[in-house]
Amino acid sequence: SIASSMILMFGGCSNLFSIDVSVFDVRNVVRLNSMFSLCEKLTSIDITNFNPKNLVDMSDMFSKCYKLTSIDLSKFNAPKLSQAGAAFAHCTSLTSMDLSYIRSFAWHIMDSLFSDCKNLKYVNLANIYTDTLTKTGSMFKNCESLTSVDFSSFNTKKLKYMSSMFEGCKSLTSVNLWHFVTPDVSEIASLFKGCSNLKYINMASATYKYGSNIYEGVPDGGTIIVN
């Protein structure tokens, strides 16, 4: 294939229920931005045949696919992937996501990655290479059902923007970010705003300039461990 971009290929196909992309060759594709964005009635998509070895940007790729219940990324090997802002935003039927198979060595942007995924309960980010990551703002904003996220492999030394990262995560009871070393973070406001059931926060290694409203809405009486 000589195609390098599939931006908005099916974007806005609001009455599309299913699609067969099994013959798609994406080996040379650099951008998949909004490829399925606003496919409001799409219930499933099989991209296990995708080999996006040159993919750089998948921003908004599945955003506002309200009926999509699962996305299998087990064979989505994208070593050059840098930008995934809002890739799954507003996918309100997703209940879990596993990004651990994406072997990218160039992550920069994850802002709004899962924002408004209101039924998302679990996200696996284990083994994610984040040495180049700079943006996680609103990453899980309004993920009202989220109970667990694995950040065990995160390297946050270049992270700059993480405002509202967990804002509105009403089901979270604990967040363990003890290994987050953040010497360059400049925007962290509203980090846990509206996390009304959050009882334990560990940011023992984090360094940052105090941002307004970081803990607004977090109930009194919990445990907060900071540097």
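The figures here come from the full heavy-atom set of this structure, side chains too, leaving out hydrogens, waters and symmetry mates.
Between Thr136 and Leu159 the shortest side-chain heavy-atom distance falls below 4.5 Å.
Relative orientation of the Phe140 and Phe151 rings is perpendicular, given thresholds of 30° and 60° on the angle between their planes.
The backbone N or O of Thr132 lies less than 3.5 Å from a partner atom in the side chain of His108, making a donor-acceptor pair. For the pair Asn127 (side chain) and Ser100 (backbone), a donor-acceptor distance under 3.5 Å is absent. For the pair Asn197 (side chain) and Lys170 (backbone), a donor-acceptor distance under 3.5 Å is present. In this structure a side-chain-to-backbone donor-acceptor pair under 3.5 Å is present from Ser63 to Asp60. At distances below 3.5 Å, at least one donor-acceptor pair connects side-chain atoms of Asn155 with backbone N or O atoms of Lys157. With Asn54 contributing its side chain and Arg27 its backbone, the two residues share a donor-acceptor pair below 3.5 Å.
The one candidate from Leu81, Val56, Ile128 that meets the side-chain contact (heavy atoms from CB on, under 4.5 Å) condition with Ser104 is Leu81.
Every pair passing ring-ring contact (aromatic ring centres under 6.0 Å, His included) that includes a residue from residues 11-43 is listed here, sequence neighbours excluded: Phe10-Phe36, Phe36-Phe62.
Interatomic distance, Phe154 CZ to Thr130 OG1, rounded to the nearest 0.5 Å: 5.5 Å. If you take OG on Ser138 and CE on Met162, they are separated by 11.5 Å, rounding to the nearest 0.5 Å.
A search for ring pair (Phe, Tyr, Trp, His ring centres under 6.0 Å) contacts involving Tyr129 returns Phe105, not counting sequence neighbours. Evaluation of the side-chain hydrogen bond (donor to acceptor under 3.5 Å, both in side chains) rule for Asp57 yields Asn33, Ser59 as partners, not counting sequence neighbours.
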Exercise for the section: May I have the step-by-step check of side-chain contact (heavy atoms from CB on, under 4.5 Å) for Val21 and Ile45, ending in yes or no? Expected result: CA-CA 8 Å; Val21 293; Ile45 183 75; 4.0 Å; yes

